[in-house]
Visitor: 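A single structure is presented below for examination.
Both backbone and side-chain heavy atoms feed into the values below; hydrogens, waters and symmetry mates do not. The structure displayed is predicted, hence computed values, not measured ones.
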Amino acid sequence: PTLGYWNIRGRGEQIRLLCKYLEIDYEEVNYEEAAPPESAKSKWDKVKDEIGLPFTNLPYWIDGEIKLVQTSAIMEYLAAKNGMVNDSYADRAFLQMIFHTVYDFRNQFIRLIFDPEYTKNRPDFIPLIPKFLERITNFMGQKPWISG
């Protein structure tokens with residue numbers, strides 16, 4: 001299999017961590033983002049329409065005939081393929097709920113750190129962190145994993 005992503009941790013890192021945990025060997029293709037005005041000539045821009053992906057986006061995962069983009073789709077595919085996903089529709093929906101709840105919080109953080117008003121807005125965000133972590137901790141209870 002092949003993982004394609006920018007040459008940063010970003011949204012590709014959780015896929016890398018899952019592969020490490022599951023002991024999945026894969027090839028990684030990293031793309032450097034070129035600085036303007038050369039950005040339209042980056043390696044990704046040159047190949048993205050030729051790879052045969054259903055949507056041109058990073059990260060991507062190619063596993064034989066399976067070609068996926070989007071972190072959550074790739075993560076679910078890898079988890080299901082490796083026996084980590086229950087067959088219950090309710091359990092799968094539950095995991096998607098948790099995944100997207102954490103992702104929403106992550107996105108709030110990303111917006112903050114790239115905000116030109118970071119210094120001004122940081123004090124409003126900081127109190128949200130312990131509240132969010134407390135909710136996740138209470139939700140998990142004594143389970144070793146979010147899924148049980």
Visitor: Quick one: do Cys19 and Leu3 satisfy side chain to side chain contact (heavy atoms under 4.5 Å, CB included)? Show the steps, please.
Guide: CA-CA 10 Å; Cys19 287; Leu3 170 63; over 6 Å; no
Visitor: Should Arg9 and Gln14 be marked as a side chain to side chain contact (heavy atoms under 4.5 Å, CB included) after you check the CA-CA gap, both sets of side-chain angles, and the distance that decides it?
Guide: CA-CA 8 Å; Arg9 287 188 302 268; Gln14 55 198 312; over 6 Å; no
Visitor: Does the pair Arg16 and Tyr26 meet the rule for a side chain to side chain contact (heavy atoms under 4.5 Å, CB included), with working shown?
Guide: CA-CA 9 Å; Arg16 293 181 196 103; Tyr26 64 96; 3.3 Å; yes
Visitor: Show which side-chain atoms of residues 89-102 pair as donor or acceptor with protein atoms under 3.5 Å away, not counting sequence neighbours.
Guide:
| unit_1 | atom_1 | unit_2 | atom_2 | d |
| --- | --- | --- | --- | --- |
| Asp91 | OD2 | Asn86 | ND2 | 2.8 |
| Arg92 | NE | Glu76 | OE2 | 3.3 |
| Arg92 | NH2 | Glu76 | OE2 | 2.9 |
| Gln96 | OE1 | His100 | NE2 | 3.0 |
| Gln96 | NE2 | Glu76 | OE1 | 2.8 |
| Thr101 | OG1 | Met97 | O | 2.8 |

Visitor: Nearest heavy-atom pair of Ala79 and Leu18: which atoms, and what distance?
Guide: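 In this case the closest contact between Ala79 and Leu18 is N-CD2, 4.3 Å.
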Visitor: Spell out, as yes or no, whether a donor-acceptor pair under 3.5 Å connects the side chain of Tyr5 to the backbone of Arg11.
Guide: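 The answer is yes, because a donor-acceptor pair under 3.5 Å joins these two groups.
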Visitor: Would you check, one step at a time, whether the test side chain to side chain contact (heavy atoms under 4.5 Å, CB included) holds for Leu58 with Lys48?
Guide: CA-CA 9 Å; Leu58 294 172; Lys48 66 183 180 183; over 6 Å; no
Visitor: Starting at CD1 of Ile15, measure out to CG of Leu68 and round the result to the nearest 0.5 Å.
Guide: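 Ile15 CD1 to Leu68 CG: 9.5 Å, rounded to 0.5 Å.
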Visitor: As an exercise, state the distance from CE of Met84 to CG of Leu78, rounded to the nearest 0.5 Å.
Guide: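 It comes to 10.0 Å.
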Visitor: Let me check something: any side-chain donor-acceptor pairs from residues 119-129 under 3.5 Å, sequence neighbours excluded? List them with distances.
Guide:
| unit_1 | atom_1 | unit_2 | atom_2 | d |
| --- | --- | --- | --- | --- |
| Asn121 | ND2 | Asp115 | OD2 | 2.9 |
| Asn121 | ND2 | Glu117 | O | 3.4 |
| Arg122 | NE | Tyr118 | OH | 3.1 |

Visitor: If the condition is side chain to side chain contact (heavy atoms under 4.5 Å, CB included), which residues does Asn82 pass it with, not counting sequence neighbours?
Guide: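 Applying side chain to side chain contact (heavy atoms under 4.5 Å, CB included) to Asn82 gives Leu22, Ile24.
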Visitor: Heavy atoms only: give me the nearest Ile74-Pro59 pair and the separation to one decimal.
Guide: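 Closest approach of Ile74 to Pro59, heavy atoms only: CD1-O, 3.8 Å.
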Visitor: Could you pull out the closest heavy-atom pair between Tyr31 and Gly4, with the gap in Å?
Guide: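 What the structure gives for the nearest pair is CE1-CA, 4.2 Å.
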Visitor: Name all residues meeting the side chain to side chain contact (heavy atoms under 4.5 Å, CB included) criterion together with Leu53; count only those two or more places apart in sequence or in a different chain, and write none if there are none.
Guide: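 Residues passing side chain to side chain contact (heavy atoms under 4.5 Å, CB included) with Leu53: Trp44, Ile51, Tyr60, Ile62, Lys67, Val69.
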Visitor: Do you reckon Trp6 sits in the same ILVMFWY cluster as Phe55, going by side-chain contacts under 4.5 Å, direct or chained?
Guide: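 As far as the 4.5 Å side-chain criterion goes, Phe55 and Trp6 are connected within one cluster.
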Visitor: Filter on salt bridge (charged side-chain N to carboxylate O under 4.0 Å, His left out), then keep only pairs touching residues 50-63, sequence neighbours left out; what's left?
Guide: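 As it turns out, the salt bridge (charged side-chain N to carboxylate O under 4.0 Å, His left out) pairs with a partner in residues 50-63, which skip direct neighbours, are Asp63-Lys81.
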Visitor: Would you say that more than 12 heavy atoms from the other residues, nucleotides or ligands in this model lie under 6.0 Å from the CG of Asp104, or not?
Guide: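 It does: Asp104 CG has more than 12 such atoms within range.
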Visitor: Indicate if Phe109 and Leu133 have the same hydrophobic cluster label, given that clusters are the connected sets of ILVMFWY residues with side-chain heavy-atom separations under 4.5 angstrom.
Guide: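 Same cluster: Phe109 reaches Leu133 through Ile, Leu, Val, Met, Phe, Trp or Tyr contacts under 4.5 Å.
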Visitor: From Tyr77 OH over to Ser72 OG, what is the distance, rounded to the nearest 0.5 angstrom?
Guide: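 Nearest 0.5 Å value for the OH-OG distance: 15.0 Å.
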Visitor: With sequence neighbours excluded, tell me which residues meet side-chain hydrogen bond (donor to acceptor under 3.5 Å, both in side chains) with Asn7.
Guide: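 Residues passing side-chain hydrogen bond (donor to acceptor under 3.5 Å, both in side chains) with Asn7: Glu32.
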Visitor: Of all residues at least two apart in sequence or in a different chain, which pass the side chain to side chain contact (heavy atoms under 4.5 Å, CB included) check with Arg135?
Guide: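 Result, side chain to side chain contact (heavy atoms under 4.5 Å, CB included) vs Arg135: none returned.
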Visitor: State yes or no: do Phe139 and Phe132 share one hydrophobic cluster built from I, L, V, M, F, W and Y residues joined by side-chain heavy-atom distances below 4.5 Å, directly or via other members?
Guide: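 Linked, Phe139 and Phe132 end up in one cluster.
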Visitor: Residues in side chain to side chain contact (heavy atoms under 4.5 Å, CB included) with Leu17, at least two apart?
Guide: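 Partners of Leu17 by the side chain to side chain contact (heavy atoms under 4.5 Å, CB included) criterion, ordered by chain and then number, come out as Glu13.
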Visitor: Could you tell me whether the side chain of Gln70 reaches within less than 4.5 Å of the side chain of Asn57, counting heavy atoms only?
Guide: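 Heavy-atom side-chain distance check passes, below 4.5 Å.
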Visitor: What residues, two or more places apart in sequence or in another chain, satisfy side-chain hydrogen bond (donor to acceptor under 3.5 Å, both in side chains) together with Tyr21?
Guide: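 For Tyr21 there are no side-chain hydrogen bond (donor to acceptor under 3.5 Å, both in side chains) partners, ignoring immediate neighbours.
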